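Only a predicted model underlies this, so the values are computations on that prediction, with no experimental measurement involved. Computed from heavy atoms alone, side chains included, the values below leave out hydrogens, waters and symmetry copies.
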Amino acid sequence: MRINQVITSFFVLIIGFSSCQNQKKKAQKLPNILLIVADDQAYGDLSLTENPYLETPVLDGLAKEGVFANHFYVSPVCAPTRASLLTGRYHQKTGVSGVTRGREDMRLDETTMATILKSFDYTTGIFGKWHNGAHYPYHPLGRGFDEFVGFTSGHWSNYFDTTIEKNGKDFQTKGYLPDVLTDEAIRFISESKEEGKPFFCYLPYQTPHTPLQVPDKYFNKYKEKGLDDFNACIYGMCENLDDNVGRLLKQLEEQDLKENTIIVFLSDNGPLNFRFNKGLKGRKGMEDEGGVRVPFIISWKGKTIVGKTISTPLAHIDLLPTLLDLIGKQYEFEKPLDGLSFASLLKEEAQLEKRKLYGEWSGRKRVLSDPYLMIDEELFDIQKDPEQLKDIRSQHAELFDSLQADYKKWYDDLQVGKQESKAIPVGYKEYPICKLPAHEANLFPPFEFRKDRRQTGIAYHSLYGWAHDWIDFWTKTDAYAQWQIDVVEEANYKLEIYYALADEDVGTKLKITIGDEHVVFKVDKAFIHSELKDYDRVKREQEAPETDWGKLDVGNVNLKEGKYNLTIQALDISGKKTIELKEIHLIKN
């Protein structure tokens, strides 16, 4: 009897185990998606595109295994491209109009790729640079991602042994940041397999974006090729990225996942500096080919044509509908997509329907109606003239006028300029600490963008006020900083400031005002910045350096629901200037 019970129990266990394994296999039928985005990597930053210096064997090999699109277009700068990739819509429609001070925030009523894939039971993770909103729920964990390791800003100040975020908490890293992000992505992939769920792994690296920091072995290699420090570091970062993609592919192979994983690689815009780029005109921030044409590789082993090159113009807005097509899923979108699926081009010799691709940045106009490209008041045939050397507007006046009219209609439909202001949310239980960084403040008196405003009585430390910058040169009591906040739940909030102050300026008096609430405080303790290790290969020109800060508790306020201006002003400056201000924290009690 006991023997029969043992045998019965054994078969029950076997059947249960088999059922569990079958469920995992069933769940794993949906293909995984690995989306890799480089930051500021040019079309010419691959040995595949005949760069005379760079060695990128992994990405070259991935292109040979799959499909390379040699006319793939994005936006001229970071945040707009990312918004279009994730939504399938032109960035202007998503509320993203810039790269800092809230202009990078994607509207909360936009549906992201992560949200869509999560609805199909994908586990979703992002490892790297988000740049579509720093404050929850603009934050990745509010936009469909289960896991986030990285940073939300447009760049990071230090790539070695730094502190980033991991699911809302500080995460101290060790080593070179792209390597750390790759480690985290590999962990996520492994854990997803263990769970038996398909994964969407979004890996937006921060390289080769400045600051110019890279390990010695990469930098020295390109210095030995005769390159200057700037380009030796850029190419070193590109090769490091190639090595990390190799690590990811090895992980997929070892875990028997490669055949069931769609792998996508692209860059978010053109290069920061003028370097080899196949002769393409322009660079990052420009609507010319060099600013918006980037390398694009997609590979799905056994499902995409091996070694195919697509010359049909494709764009960032096309990726979402293409991926949905490839995984065989449909989604009911509340807002129409602008992109088209190009899945048919990956599997067979097919044609994409004729269409126009539009672009706009800093007032510059762009319409691509292959092979014709209209840029402002010029017209080019980019198939015959990819370097934009010959303006053919006079020979095709009627076509030029038609493209101008098409652009006007497209731009008018965007309702640009009617975007609502996006206040910083405060009080969500998911993020009880709201950080108001100095670079998101508006400084008063106002001053012309990208001009030196140090003589106004308040300024940014590093001129332009990009991410991680701080308020400095604060010498006047009628100058102040202001943030717009949106309190979503009434509560008591503790206020903290992160600051630096010279000994001779101790005793300065400040006031924080939020609606009818205010706190007045005196800073009686100096804090002098410590010099942190400088890993820059070339002295940075725009980014603020990484440094340390003093913390001061300044009081408590009770805030009711609603939108307010939070203002900090100096009431008394006892020395040459008041504090240097890094950020203000509102901590929900």
Side-chain angles (χ1 to χ4, degrees), residues 27-39 41 56 58-69 72 82 85-86 112-114 116-118 120-130 140 144-150 178-207 240-268 294-304 316 318-320 322-329 343 346:
Q28 199 53 270
K29 284 183 179 179
L30 279 173
N32 308 302
I33 298 171
L34 173 59
L35 172 57
I36 304 166
V37 180
D39 198 350
Q41 185 165 1
T56 54
V58 175
L59 289 170
D60 297 349
L62 188 64
K64 290 173 184 175
E65 288 180 5
V67 175
F68 179 70
F72 193 92
R82 293 156 201 271
L85 275 178
L86 292 170
T112 71
M113 186 183 294
I116 294 164
L117 293 173
K118 193 173 173 64
F120 300 133
D121 205 31
Y122 277 76
T123 184
T124 58
I126 169 174
F127 307 91
K129 168 179 166 177
W130 168 243
F145 287 99
D146 297 315
E147 186 167 347
F148 171 54
V149 182
D179 300 343
V180 173
L181 297 173
T182 304
D183 291 341
E184 289 294 315
I186 286 172
R187 173 192 55 76
F188 171 78
I189 289 169
S190 180
E191 290 176 358
S192 299
K193 184 183 180 183
E194 286 296 314
E195 293 173 5
K197 294 182 66 175
F199 65 77
F200 169 46
C201 181
Y202 178 33
L203 190 50
Y205 287 107
Q206 90 284 9
T207 48
N240 168 267
L241 193 153
D242 191 74
D243 285 348
N244 276 309
V245 174
R247 293 173 59 208
L248 289 161
L249 298 184
K250 182 181 179 182
Q251 174 76 1
L252 294 177
E253 291 277 11
E254 289 178 349
Q255 296 211 309
D256 196 28
L257 292 170
K258 194 170 181 186
E259 288 192 8
N260 198 42
T261 302
I262 302 167
I263 305 164
V264 179
F265 173 86
L266 74 154
S267 179
D268 64 349
V294 297
F296 178 89
I297 300 167
I298 184 167
S299 177
W300 186 7
K301 192 172 181 179
K303 302 290 174 54
T304 53
H316 48 13
D318 300 328
L319 184 59
L320 176 55
T322 300
L323 290 175
L324 288 176
D325 211 348
L326 289 176
I327 69 174
K329 291 291 185 178
L346 307 176

Novice: Name the atoms and distances for all side-chain donor-acceptor pairs under 3.5 Å in residues 295-303, with sequence neighbours left out.
Specialist:
{"residue": "Trp300", "atom": "NE1", "partner": "Glu259", "partner atom": "O", "Å": "3.1"}

Novice: Is a side-chain donor or acceptor of Lys118 paired with a backbone partner of Thr124 at a separation under 3.5 angstrom?
Specialist: no

Novice: Provide the closest heavy-atom pair for Leu241 versus Ala38 in the form atom of the first, atom of the second, distance.
Specialist: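 Here Leu241 and Ala38 meet closest at CD1-CB, 3.8 Å.
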
Novice: Would you please name every residue forming a side-chain contact (heavy atoms from CB on, under 4.5 Å) with Asp183, sequence neighbours left out?
Specialist: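 Checked Asp183 against side-chain contact (heavy atoms from CB on, under 4.5 Å); matches are Arg247.
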
Novice: To the nearest 0.5 Å, what is the distance between OG1 on Thr261 and CD1 on Ile33?
Specialist: 9.5 Å

Novice: Can you name the nearest heavy-atom pair linking Asn240 to Pro178, along with the distance?
Specialist: OD1-CB, 3.5 Å

Novice: State the CD-CD distance between Glu253 and Gln251, to the nearest 0.5 angstrom.
Specialist: 11.0 Å

Novice: Can you tell if the side chain of Tyr205 reaches within under 4.5 Å of the side chain of Thr182, non-hydrogen atoms only?
Specialist: yes

Novice: Is there a side-chain contact between Leu249 and Glu254 in this structure, where contact means two heavy atoms from C-beta onward sitting under 4.5 Å apart?
Specialist: no

Novice: Are any non-hydrogen side-chain atoms of Leu30 and Tyr122 less than 4.5 angstrom apart?
Specialist: yes

Novice: Does any non-hydrogen side-chain atom of Leu319 lie less than 4.5 Å from one of Leu323?
Specialist: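 The answer is yes, as the side chains (C-beta and beyond) meet within the 4.5 Å cut-off.
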
Novice: Closest approach of Trp130 and Ile126, non-hydrogen atoms and distance?
Specialist: CE3-CD1, 3.5 Å

Novice: Nearest 0.5 angstrom please: Gln41 CD to Thr207 OG1, how far?
Specialist: 8.0 Å

Novice: Do you know which two heavy atoms are closest between Leu85 and Leu320, and how far apart they sit?
Specialist: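 Taking every non-hydrogen atom into account, O-CB, 4.2 Å.
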
Novice: Donor-acceptor pair, distance only, cut-off 3.5 Å: does the side chain of Asp242 make one with the backbone of Val58?
Specialist: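 It does hold such a pair.
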
Novice: Is the shortest heavy-atom distance from the side chain of Lys197 to the side chain of Asp121 under 4.5 Å?
Specialist: yes

Novice: Grab the two heavy atoms, one from Gly66 and one from Thr304, that are nearest each other, plus how far apart they are.
Specialist: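 So the two residues come closest at CA-OG1, 4.0 Å.
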
Novice: For the CD1 atom of Ile189 and the CG atom of Leu203, what is their distance to the nearest 0.5 Å?
Specialist: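 Going from the CD1 atom of Ile189 to the CG atom of Leu203 covers 8.0 Å.
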
Novice: Taking all heavy atoms of Thr322 and all of Ala343, pick out the closest pair and write down the distance.
Specialist: CG2-N, 3.8 Å

Novice: May I ask you to test the Val245-Leu59 pair for a side-chain heavy-atom distance under 4.5 Å?
Specialist: yes

Novice: How would you list, by chain and number, every residue that makes a ring pair (Phe, Tyr, Trp, His ring centres under 6.0 Å) with Phe127, sequence neighbours excluded?
Specialist: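 Listed in chain order: Phe188.
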
Novice: Would you say Thr56 and Asp60 are linked by a side-chain donor-acceptor pair, where the criterion is simply a distance under 3.5 Å?
Specialist: yes

Novice: What class does the angle between the rings of Tyr202 and Phe145 fall in, given that below 30° is parallel, 30 to 60° is tilted and above 60° is perpendicular?
Specialist: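 Correct class here is parallel.
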
Novice: Within the structure provided, determine whether Lys129 and Arg82 are in side-chain contact (heavy-atom separation under 4.5 Å).
Specialist: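 Result yes, sub-4.5 Å side-chain heavy-atom pair found.
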
Novice: Check whether any side-chain heavy atom of Ile263 sits under 4.5 Å from a side-chain heavy atom of Leu252, and report yes or no.
Specialist: yes

